[in-house]
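Take a look at the structure set out below.
To find a chain, count down the sequence lines: A is the first, B the second, and so on, and within it residues start at 1. Every heavy atom of this structure was used, including side-chain atoms; hydrogens, water molecules and symmetry mates were not. Remember, predicted model here, so these are calculated numbers, not experimental data.
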Amino acid sequence: MSYNFSESEKKWRQHWEEQGLYKTSRQKEGEKYYALTMLPYTSGDLHIGHWYAIVPSDARARYKRMCGYNVLFPMGFDAFGLPAENAAIKHNIHPGKWTYANVERMRKQLKTMGAMFDWDTEIITCDPEYYKWNQWLFLKFFEHGLAYKKYSPVDWCPKCNTTLAREQVVGEDRVCDRCDTPVGKRELNQWYLKITDYAEELLDFAGLDWPDRVKTMQTNWIGRSQGVEFSMAVKDHPETFPVFTTRIDTIFGVSFVVLAPEHPLVEKITTPEQAEAVKDYVHTATRRTEIERLSTAMEKDGVFTGAYAIHPFTGCELPIYIADYVLMSYGTGSIMAVPAHDQRDFDFARRYNLPIPLVIAPPEGINEPLEKAWTGQGKLVNSGSWSGLDNEEAAARLTADMEARGLGQAKVNYRLRDWLVSRQRYWGTPIPIIHCPTCGQVAVPEDQLPVLLPMDAEFRPTGESPLRFHEGFLHTTCPKCGGPAERETDTMDTFFDSSWYQYRYVSPHEDKYPFDPQEVERWLPVDQYTGGVEHATMHLLYVRFFTKAMRDMGLINISEPMTALYNQGIILGEDSEKMSKSRGNVIAPDNLVQQYGADAVRVYMMFMAPWELGGPWNSDGIGGVTRFLNRVWRLAAGEPSEQAPEPIAPEDFKGLLHKTIHRVTGDMESFKFNTMISALMEFSNHLAKHQGAEISETALWQQAIDALLLMLAPLAPVMTEELWHRRGHTESIHLQQWPKFDPEALIDKSVTIPIQVNGKLRDTITIGTSLDQEAVLRAAMSSAKISQALDNKNILKIIWIQDKLLNLVVK
RNA sequence: GCGAGAAUGGUGGAACUGGCAGACACGCUAGACUUAGGAUCUAGUGCCGCAAGGUAUGAGGGUUCGACUCCCUCUUCUCGCACCA
């Protein structure tokens with residue numbers, strides 16, 4: 001009788017649910033293990049990418065449980081966000097209705113996957129029960145000065161009709177992360193979270209088992225740069241302005257100064273003769289798109305303001321220009337230009353015929369006129385009393401000198417900006433602030449939380465927050481003075497929701513606090529987090545920031561939310577393109593499950609490539625996995641073999657078993673599911689070969705079959721459970737111990753040695769282990785192939801690597 | 001431009017600290033059992049060659065008894081950042 005997967009799947013799913021097999025025991029003793037996979041967005045149907053992210057994560061959680069850990073493996077839904085709203089507009093259905101219908105469908109699909117989620121811990125971020133605590137946390141941030149509202153130019157997606165965080169604007173074309181529409185700028189009053197307060201601490205990854213790639217991306221994103229900030233005086237003006245430089249060693253090479261066109265000083269210092277030109281330039285610069293302005297290909301232009309700055313050392317007059325290659329949003333919005341040693345300044349100087357004085361001499365000598373800026377190391381020249389010093393040393397001394405004379409100080413700048421969290425859309429958490437004409441920004445009192453998102457708002461995107469037009473929501477009274485006031489009508493970026501959800505999972509229905517502190521104490525940090533690398537500078541940065549901020553607000557006492565992180569790859573369509581509905585290359589797991597069974601789909605996705613690689617989907621190979629599972633079925637169900645049995649010595653068979661356990665365990669630990677499965681395939685191929693031989697009558701054989709099932713159980717939970725019970729066991733296979741290997745059994749008694757002559761393989765011999773060179777050489781000489789290869793030649797050298805290889809160097 | 005990573009049969013991919021390249025699969029070829037096969041089993045399958053043998057890990061060089069693995073140069077591809085002072 002062969003394996004009926006659909007029957008077994010139904011049976012065991014129901015059985016497990018009745019038994020509460022996957023409920024995480026809060027009481028259970030034993031070391032905790034918190035396994036977490038990024039929660040899915042409620043997009044509708046689970047696609048193969050969800051499976052690819054979740055299945056291996058589930059397999060590993062199951063494995064950890066078999067190793068004796070008390071495992072928490074929760075699942076939830078990222079349920080707020082724009083697609084719900086867009087779908088709602090398109091289909092004329094409420095976003096909430098759409099979302100909850102999707103949750104239903106996805107939960108059902110997740111169950112067919114056979115994952116060990118404890119559904120008691122489920123969270124849905126659009127539940128008031130959940131978002132109440134978003135608001136509560138927002139107010140904590142507000143209270144501690146970590147949430148503030150500011151008027152400034154922000155990134156605006158015209159299609160999504162909302163602002164975006166800097167992290168959500170991607171690529172050279174500066175498009176919206178969600179809809180690929182080019183993003184523009186708008187001057188708006190927006191809420192920010194002060195992530196920049198944590199810039200320095202976020203650079204510290206000590207103790208984090210995270211991929212280097214993610215650490216590098218975060219480091220670059222934070223963009224720490226060490227330099228000097230000093231102020232410059234303006235000739236015939238009372239004003240001074242600060243400039244930031246990382247190359248203070250080149251200070252004597254400054255030949256002009258540049259301000260960003262938006263710099264507040266521009267208006268004040270521009271001379272009447274230059275006023276017109278400056279005004280024109282500012283006008284064109286602001287009209288230029290961000291893309292044009294940031295394009296490195298664009299020729300640098302600018303205009304003279306007519307004013308001069310005073311060099312802090314030489315007292316020379318330096319013309320002040322404005323140019324849009326200087327950004328108001330970084331550093332001080334003004335720079336000292338050193339054309340000889342900065343390519344951008346060089347280009348600008350060339351164009352406007354400004355002097356290019358050399359102050360760092362390249363070691364290979366000066367080659368004037370310069371073809372391009374020299375940005376390397378060298379000795380200072382033309383730098384007054386500092387000439388002759390190595391530039392690095394000069395930088396240190398110049399900094400000290402400026403600090404001593406009160407001219408400037410060492411300073412660190414970061415590229416990281418504060419996180420813009422307000423959105424002008426409907427389907428999100430209302431920001432719990434009341435604007436009172438007399439009291440200003442007032443927090444909604446805790447006992448009035450949650451500020452409910454009204455279900456009857458008109459949410460068509462107009463570019464303004466839909467809640468602004470909901471009279472009932474908008475008008476309220478000030479909690480402080482009791483006077484009429486208005487509610488904040490922006491909603492939160494949905495990344496807010498996922499920045500702390502790992503804390504909520506441990507006590508999802510706690511109603512006095514965002515989480516039960518004791519449970520958090522017990523379960524956090526997450527031991528293993530898995531998810532896509534596309535979140536490297538968004539979610540994965542925010543979630544670290546939240547933990548640090550929450551720690552400083554006294555809510556928790558850990559500094560990092562996730563100890564270990566693993567990024568899986570992305571599954572592409574069969575055409576090697578990104579899967580999308582519009583391309584029509586989406587693979588539906590439901591069809592595959594129906595055709596091959598959930599176990600086969602699970603095993604196949606883990607077998608097809610290393611998990612971190614991903615790659616194009618190809619259903620052809622799934623047959624191989626089905627064959628493998630059928631073979632296991634026949635073996636474990638004791639169906640007679642069609643092959644002529646091949647005998648094997650019990651000690652060799654035992655070695656085979658324990659080597660397999662050793663390999664499989666190591667691979668499972670290091671996420672190498674593909675080689676792990678190939679080890680199990682090899683093992684089952686061996687078993688099939690020896691089935692019917694003497695060995696298959698022994699207890700050792702039965703042990704081997706059990707071990708095979710146990711090792712396969714995290715990958716193919718249904719079939720292994722079915723077989724486990726058919727083999728007479730009464731308790732679930734998923735409650736068993738992971739098989740252990742005997743280190744003694746891993747040691748071979750004999751070994752096959754390649755014999756090389758001049759590095760080329762001529763023969764192999766099988767000999768006992770731990771033999772010395774003499775004995776091996778004697779054995780090798782008795783081989784006809786070897787003696788033929790050695791004919792008429794002298795052995796010059798013998799390379800013998802113990803139990804590994806013999807190489808004879810001859811002439 | 002800067003940073004990170006990758007390149008191995010017809011395909012997906014193995015190869016631990018330098019030691020039998022191509023494990024495990026897919027596909028393909030031939031055969032067995034079959035009314036049938038998208039079931040099962042057997043044999044074969046990097047390339048050239050009837051064979052002995054030669055030759056092969058993007059290209060070229062180097063170190064070494066020995067290189068997919070280490071070093072240098074180059075090519076191609078993927079990803080991230082991109083006038084950050």
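The interatomic distance linking A:H686 (NE2) with B:rA23 (C1') rounds to 12 Å, in whole Å. Remark: C1' of B:rC20 and CG of A:L761 are 5 Å apart, rounded to the nearest angstrom. Distance CZ (A:R762) to C1' (B:rG19): 16 Å, rounded to an integer number of Å. Straight-line distance from the CG atom of A:L572 to the C1' atom of B:rC79: 13 Å, rounded to whole Å. Taking atom CG of residue A:D667 and atom P of nucleotide B:rC24, one finds them 15 Å apart after rounding to whole Å. To the nearest angstrom, P of B:rU64 lies 16 Å from CD1 of A:I801. What separates CZ of A:R247 from P of B:rC83 is a distance of 20 Å, to the nearest Å. Rounded to whole Å, the distance from CG on A:D803 to P on B:rC20 is 14 Å.
The partner of B:rA14 cannot be assigned: no Watson-Crick or G-U wobble pair with both contacts below 3.5 Å exists in any strand. The partner of B:rG19, taking Watson-Crick or G-U wobble pairs whose two distances both stay under 3.5 Å, is B:rC65. Base pairing of B:rU29: its partner is B:rA43, meeting the Watson-Crick or G-U wobble criterion (both donor-acceptor distances under 3.5 Å). Nucleotide B:rC2 has B:rG80 as its partner under the Watson-Crick or G-U criteria, with both atom distances under 3.5 Å. In a base pair of the Watson-Crick type (N1 to N3 plus N6-O4 or O6-N4) or a G-U wobble (N1-O2 and O6-N3), with each distance short of 3.5 Å, B:rG37 is matched with no nucleotide. The partner of B:rG49 is absent, by the rule that a Watson-Crick or G-U pair needs both atom distances under 3.5 Å. B:rA56 makes up no base pair with any nucleotide shown, lacking Watson-Crick or G-U wobble contacts both under 3.5 Å.
Glycosidic conformation at B:rG12 (O4'-C1'-N9-C4 for purines, O4'-C1'-N1-C2 for pyrimidines): anti, more than 90° from 0.
Donor-acceptor pairing under 3.5 Å is recorded for the side chains of A:R224 and A:Q226. For A:T766 and A:T752, the side-chain atoms include at least one donor-acceptor pair closer than 3.5 Å. Side-chain contact of A:T675 with A:D667: a donor-acceptor pair under 3.5 Å is present, judged by distance alone. For A:N220 and A:R415, the side-chain atoms include no donor-acceptor pair closer than 3.5 Å.
In the set B:rA85, B:rA25, B:rG19, B:rG19 carries the atom at the smallest distance from any side-chain atom of A:I799. With distances taken from any side-chain atom of A:R415 to the nucleotides B:rC24, B:rA82, B:rC83, the minimum falls on B:rA82. Closest contact between the side chain of A:R166 and the listed nucleotides B:rA82, B:rG19, B:rA85 involves B:rA82. The side chain of A:V809 lies closest to B:rC65, out of B:rC20, B:rC65, B:rA85.
Judged by the 6.0 Å and 45° rule, A:R602 forms no cation-pi pair with A:W51.
Atom P of B:rC71 sits at a distance of 14 Å from the matching atom of B:rA7, rounded to the whole Å. Only the P atoms considered, B:rU11 is 24 Å distant from B:rC50, to the nearest whole Å. Rounded to a whole angstrom, the distance from the P atom of B:rG9 to that of B:rG58 is 7 Å. The separation of B:rU35 from B:rA43, taken at their C1' atoms, amounts to 26 Å, rounded to a whole angstrom. Taking atom C1' in both B:rG46 and B:rA23, the straight-line distance is 15 Å, to the nearest Å. Annotation: B:rU75 and B:rG66 have their C1' atoms spaced 28 Å apart (nearest Å). B:rU69 sits 14 Å from B:rA56 when the P atoms are compared, rounded to a whole Å. Look at the C1' atom in both B:rA14 and B:rA25: the space between them is 11 Å, to the nearest Å.
Checked against the 6.0 Å centroid criterion, the rings of A:W210 and A:Y566 do not qualify as a close aromatic pair. Less than 6.0 angstrom separates the ring centroid of A:F252 from the ring centroid of A:F313. The distance between the ring centers of A:F348 and A:F256 falls below 6.0 angstrom. A:W374 and A:F346 have their aromatic ring centers separated by at least 6.0 angstrom.
At most 12 heavy atoms of other shown residues, nucleotides or ligands fall within 6.0 angstrom of atom CZ in A:R213.
Residue contacts shown for A:Q343 are absent, as no nucleic acid heavy atom lies under 4.0 Å away. Nucleic acid contact for A:T332: none, since no nucleic acid atom lies under 4.0 Å from a heavy atom of the residue.
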Protein-nucleic acid N or O pairs under 3.5 Å, nucleotides 38-48 of chain B:
residue: B:rA39; atom: OP1; partner: A:R627; partner atom: NH1; Å: 3.4
residue: B:rU40; atom: O2'; partner: A:E642; partner atom: OE1; Å: 3.4
residue: B:rU40; atom: O2'; partner: A:E642; partner atom: OE2; Å: 3.4
residue: B:rC41; atom: OP1; partner: A:R631; partner atom: NH2; Å: 3.1
residue: B:rC41; atom: OP1; partner: A:R634; partner atom: NH2; Å: 3.4
residue: B:rU42; atom: OP1; partner: A:Q643; partner atom: OE1; Å: 2.8

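Annotation: side chain to side chain donor-acceptor pair (under 3.5 Å) contacts of A:D748 (sequence neighbours excluded): A:K659.
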Carefully, step by step, assess A:W617 and A:Y604 under the rule ring-ring contact (aromatic ring centres under 6.0 Å, His included). CA-CA 11 Å; A:W617 178 265; A:Y604 179 58; 5.4 Å; yes
Take nucleotides 3-18 of chain B nucleotide by nucleotide from the 5' end and write B, S or -, depending on whether a protein heavy atom sits under 4.0 Å from the base, only from the sugar-phosphate, or from neither. ---------BSS----
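Residues A:T537 and A:I622 both approach RNA chain B. Their nearest nucleotides, taken by heavy-atom distance, put A:I622 toward the 5′ side. Judged by closest nucleotide on RNA chain B, A:I753 is the one of A:R663 and A:I753 placed further toward the 5' end.
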